Amino acid sequence: AQVTIITGEAKDVLLVPVAAIENNERQQATVRVLEQDRVVNKIIQIGLKDSLNVQVISGLNEGEQVILGDSQSSAATSSSGQMMPPPPGP
């Protein structure tokens with residue numbers, strides 16, 4: 001038998017991919033954002049997270065382009081997502 005325990009749920013929240021989140025020297029969550037053709041580090045407050053996305057409570061606005069990890073790729077923040085628990089494992 002498999003059991004899924006949902007520990008939290010959030011709808012219509014600002015989401016960024018887990019790969020976009022970094023921690024600074026003070027262990028604050030940060031993201032790198034593309035602003036006027038340059039990369040800027042922004043401190044954010046995070047909420048719920050799952051295996052793919054992190055809820056951003058403050059420090060970032062919908063539509064801002066965040067840089068993913070060490071790569072040159074980026075993703076737009078989205079407020080239409082829903083946090084979901086990871087699928088049950090084998």
Side-chain angles (χ1 to χ4, degrees):
Q2 293 182 348
V3 176
T4 301
I5 299 172
I6 299 174
T7 58
E9 182 179 69
K11 294 181 181 180
D12 298 322
V13 296
L14 188 64
L15 301 176
V16 296
V18 170
I21 305 294
E22 300 173 349
N23 287 317
N24 65 14
E25 62 280 350
R26 294 182 176 172
Q27 296 303 306
Q28 296 168 305
T30 64
V31 290
R32 293 182 297 148
V33 177
L34 189 60
E35 286 185 357
Q36 299 175 352
D37 296 327
R38 61 175 224 226
V39 177
V40 176
N41 286 322
K42 286 193 165 190
I43 296 172
I44 61 171
Q45 182 179 2
I46 62 173
L48 297 174
K49 60 183 173 179
D50 60 20
S51 60
L52 300 175
N53 296 302
V54 177
Q55 176 189 12
V56 177
I57 296 171
S58 66
L60 196 62
N61 295 311
E62 182 178 0
E64 289 187 275
Q65 295 290 313
V66 297
I67 307 298
L68 302 178
D70 292 330
S71 71
Q72 296 297 317
S73 60
S74 65
T77 55
S78 168
S79 66
S80 61
Q82 179 174 345
M83 303 299 293
M84 298 294 291

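Just so you know, these numbers come straight off a predicted model, no measurement behind them.
- Few gaps surround CD on Q27; more than 12 heavy atoms of other groups in view lie less than 6.0 Å from it.
- Cluster membership check: I44 shares its hydrophobic cluster with V18, using side-chain heavy-atom separations under 4.5 Å among Ile, Leu, Val, Met, Phe, Trp and Tyr.
- Summarising the geometry, atom CD1 belonging to I46 is positioned 6.0 Å from atom CD1 belonging to I21; distances are rounded to the nearest 0.5 Å.
- In this structure, L68 and P17 approach most closely via the heavy-atom pair CD2-CG, 3.6 Å.
- Counting all heavy atoms, side chain and backbone alike, N53 lies closest to D50 at N-OD1, 2.7 Å.
- You'll find the side chain of N24 stays beyond 4.5 Å of the side chain of N41, heavy atoms only.
- Shortest non-hydrogen contact noted between A20 and V66 is CB-CG2, 4.1 Å.
- Taking every heavy atom of both residues into account, L15 and Q55 meet most closely at CD2-CA, 4.0 Å.
- Taken from CD in Q45 to CG in L60, the straight-line distance is 12.5 Å, to the nearest 0.5 Å.
- Considering all non-hydrogen atoms of both residues, L14 and E62 come closest at CD1-CA, 3.6 Å.
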